[in-house]
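Have a look at the structure below before the remarks.
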Amino acid sequence: MDSGMKKRVVVTGLGAVTPIGNTVPEFWESIKAGRVGIGEITQFDTTGYKVKLAAEVKGFTAKERMDFKAAKRMEPFAQYAVAAAKEAFEDAGLDMAKEDPYRVGVIVGSGVGSLRETEREYEKIQTKGPGRVNPLMVPLMISNMAAGNISIQLGLKGKCTNVVTACASGTHSIGDAFRAIQYGDADVMLAGGAESCICPLGVAGFTSLTALSTSEDPLRASIPFDKDRDGFVLGEGAGVVVLEELEHAKARGAEIYVELIGYGATGDAYHITSPAEDGSGAAKAMELAMEEGHADPSQIDYINAHGTGTHHNDLFETKAIKKALGKAAADVVANSTKSMIGHLLGAAGGVEFIVCAKTIQEGFIHQTMGTEVLGEGCDLDYAVGAPVEKDVEYALTNSLGFGGHNATLLLKKYRG
C-alpha cells in the first residue's frame with residue numbers, strides 16, 4: 001500500500017501496572033516525583049542468591065480489578081495485562097455496544113509467560129507424581145494468555161495475537177498493532193506487554209547469565225549509563241495502550257494523547273545476548289521509524305532509551321543513537337525509565353511508550369535516577385541529576401531484546 005494511503009493512528013487510552021503505581025495516574029505521579037520502585041525481593045527467600053533486589057509490583061489485588069473467578073485462572077502476568085487493558089479501555093471511553101467487535105483487536109506480548117507455574121508444577125511431579133499437575137498448567141503458563149484473557153474480558157473479537165521478542169516484546173506488539181490499523185485490519189487495537197518472573201528460576205537464570213545487578217543499594221542498583229553499572233534489575237508489571245484509527249477516534253469524540261507515526265524493526269544477526277557492537281541494528285530501527293514518520297533527526301526532542309544498565313547495552317545503544325541522529329544526537333535528551341522501575345522485560349516497551357505519551361503531553365522528561373558519573377563512551381544528555389522541562393514534539397522509544405531484536409516507535413504531538 002502506498003504510504004499516502006496508510007491510515008493515521010492515534011493513542012486514545014493508557015493503562016499500567018508498575019512497581020511505582022498500579023494505575024497510570026499513580027505511575028506518572030511517581031515518575032514526576034522520581035520515586036524508585038526497587039527493593040528487597042519479598043516473593044521468595046533469596047538466601048543463597050547473589051541478587052537480592054528487584055522491582056516488584058506492590059499492593060495489587062486482582063479481584064479489585066477484574067472478575068474474581070477469571071482472575072483465579074490467570075497468573076500474575078496475565079492479571080497485570082488485564083488490569084492495564086481495562087484501564088486503557090476505560091480511559092479511551094470505548095463502548096463495545098457501538099463497535100464492530102471484529103474491528104477491535106489486541107496484541108499484547110510477554111517475553112516469558114509464567115515461570116512460577118512451571119516451577120510449581122515441576123515440583124509436584126517431583127514430590128507427588130505427574131498425575132497431580134494442575135489441569136490448567138498450560139493455559140496459565142503460556143505467554144499468549146495475556147492477549148487471550150484481555151480479548152475474553154473485554155469482548156474483543158478482532159486480530160488477537162502476541163509477540164515474543166524478549167525485552168522488545170511490548171514495543172513490537174505496539175508496532176504490529178500500529179500496522180494492523182494503518183493497513184485497515186482493525187479500527188482499534190489494544191497493545192503492549194506484560195511480565196512477572198521475579199521467582200527463583202527467573203532470578204537464578206538471569207543471574208547465571210550475569211545480566212543482573214548484584215548491588216544491595218536500591219538507589220544504586222539500576223543505574224543506566226553510569227560508570228559503575230553492573231546489570232539490570234528485574235521488574236514486573238504491564239503497559240497497555242489503545243491505538244485507534246484517527247477518523248474513528250474523531251467520530252466518537254475521543255481524547256487523543258499523541259499520534260504514532262513511525263515504527264522500525266530490525267535484527268542484529270550478531271549475538272544471542274549482546275547488541276551489535278557498532279549499534280547498527282538499533283540505529284537502523286530508529287532510522288526506519290524516522291523515515292516512516294517523515295522526521296528529520298534534528299526534530300527529535302526526546303528518546304526513551306532501552307537503557308538497561310548492562311555495560312554492553314548502554315554503550316552500544318549510545319553508539320546507535322549517534323549513528324541514527326548524527327550531529328543532532330548532541331541536542332537530544334535521552335533517559336531510562338528502568339532507573340526507577342527496573343527492567344520489565346516484555347512489558348518494558350508498553351510502559352515506556354506510556355512515559356513517552358505523557359512526556360509529550362506535559363513537556364516533562366524525567367531524570368535518570370541513581371545515575372551519577374557517566375561511563376566511558378556514554379556521552380549524551382541522559383537527564384542526569386534533574387528532570388528536564390521542555391516542549392517535546394517528537395519522541396523515540398527503543399527496545400532491544402535478546403536474540404538481536406530491535407524495535408523503535410516514533411510518537412508525535414497530535415496537531416489535528
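All figures in this text were calculated on a predicted structure; none of them were measured in a lab. The basis for the numbers below is simple: all heavy atoms, side chains too, and nothing from hydrogens, waters or symmetry mates.
Counting non-hydrogen atoms of other residues, nucleotides and ligands closer than 6.0 Å to NZ of Lys358 gives a total above 12. Other residues, nucleotides and ligands place no more than 12 heavy atoms under 6.0 Å from the CD atom of Glu123. By the neighbour-count criterion of 12 heavy atoms within 6.0 Å, atom CD of Glu247 is densely surrounded, having more than that number from other residues, nucleotides or ligands. By the neighbour-count criterion of 12 heavy atoms within 6.0 Å, atom NZ of Lys157 is sparsely surrounded, having that number or fewer from other residues, nucleotides or ligands.
Close placement of the Phe60 and Tyr80 rings is indicated, their centers lying within 6.0 Å of each other.
Residues satisfying the ring-ring contact (aromatic ring centres under 6.0 Å, His included) test with Phe402, not counting sequence neighbours, are none. With sequence neighbours excluded, the residues forming a ring-ring contact (aromatic ring centres under 6.0 Å, His included) with Phe316 are His312, listed by chain and number. Qualifying salt bridge (charged side-chain N to carboxylate O under 4.0 Å, His left out) partners for Lys58, counting only residues two or more places apart in sequence or in other chains: none. For Tyr122, there are no ring-ring contact (aromatic ring centres under 6.0 Å, His included) partners at least two apart in sequence or on another chain.
Between Lys338 and Glu352, at least one side-chain nitrogen of the basic residue sits less than 4.0 Å from a carboxylate oxygen of the acidic one, meeting the salt-bridge criterion. In this structure, Asp228 pairs ionically with Arg220, as a charged nitrogen and a carboxylate oxygen lie closer than 4.0 Å. Using a 4.0 Å cut-off between a side-chain N of Lys or Arg and a carboxylate O of Asp or Glu, Asp379 and Lys322 qualify as a salt bridge. With respect to Lys32 and Glu362, a salt bridge is recorded, a charged nitrogen being found less than 4.0 Å from a carboxylate O. With salt bridges taken as basic N to acidic carboxylate O contacts below 4.0 Å, none links Glu245 and Arg8. Salt bridge status for Asp185 with Arg103: absent, with no side-chain N to carboxylate O gap under 4.0 Å. Glu117 and Arg120 are joined by a salt bridge, as a carboxylate oxygen and a charged side-chain nitrogen come within less than 4.0 angstrom of each other. Glu244 has no carboxylate O lying under 4.0 Å from a charged side-chain N of Lys250, or vice versa, which leaves the two without a salt bridge.
Using modelled atom types, one side-chain atom of Ser151 and one backbone atom of Leu156 make a donor-acceptor pair closer than 3.5 Å. Looking at Thr171, its side chain never comes within 3.5 Å of a backbone N or O of Ala168 through a donor-acceptor pair.
In this structure, the separation between CG on Leu400 and CG on Asn406 is 5.0 Å, given to the nearest 0.5 Å. Atom OG of Ser110 is separated from atom CD1 of Ile142 by 11.5 Å, given to the nearest 0.5 angstrom. Interatomic distance, Ile198 CD1 to Leu344 CG, rounded to the nearest 0.5 Å: 8.0 Å.
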Step by step, would you call Cys199 with Gln43 a side-chain contact (heavy atoms from CB on, under 4.5 Å)?
CA-CA 7 Å; Cys199 60; Gln43 297 180 25; 6.0 Å; no

Output, in order, the C-alpha distance, side-chain angles, deciding distance and verdict of ring-ring contact (aromatic ring centres under 6.0 Å, His included) for Tyr394 and Tyr302.
CA-CA 7 Å; Tyr394 290 88; Tyr302 165 59; over 10 Å; no

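By the 4.5 Å heavy-atom criterion applied to side chains, Val333 and Asp301 are not counted as neighbours. The side-chain heavy atoms of Asn22 and Arg65, taken from C-beta on, include a pair separated by under 4.5 Å.
In the model, Ser213 has no side-chain atom that pairs as donor or acceptor with a side-chain atom of Ser215 under 3.5 Å. For the residue pair Glu56/Thr42, the side-chain donor-acceptor check at 3.5 Å is satisfied.
Applying the salt bridge (Lys or Arg N to Asp or Glu O under 4.0 Å) definition to pairs two or more places apart or across chains, those involving residues 304-318 are Arg229-Asp314. Pairs engaging residues 399-416 under the salt bridge (Lys or Arg N to Asp or Glu O under 4.0 Å) rule: Asp391-Lys413, Glu393-Arg415 [sequence neighbours left out].
The two residues Met286 and Ala324 come nearest to each other via the heavy atoms CB-CB, 3.8 Å. Of all heavy-atom pairs spanning Leu410 and Ala295, the tightest one is CD2-CB, 3.8 Å.
Shown are Asn304, Thr397, Thr368; of these, the side chain to side chain donor-acceptor pair (under 3.5 Å) with Thr337 is made only by Asn304.
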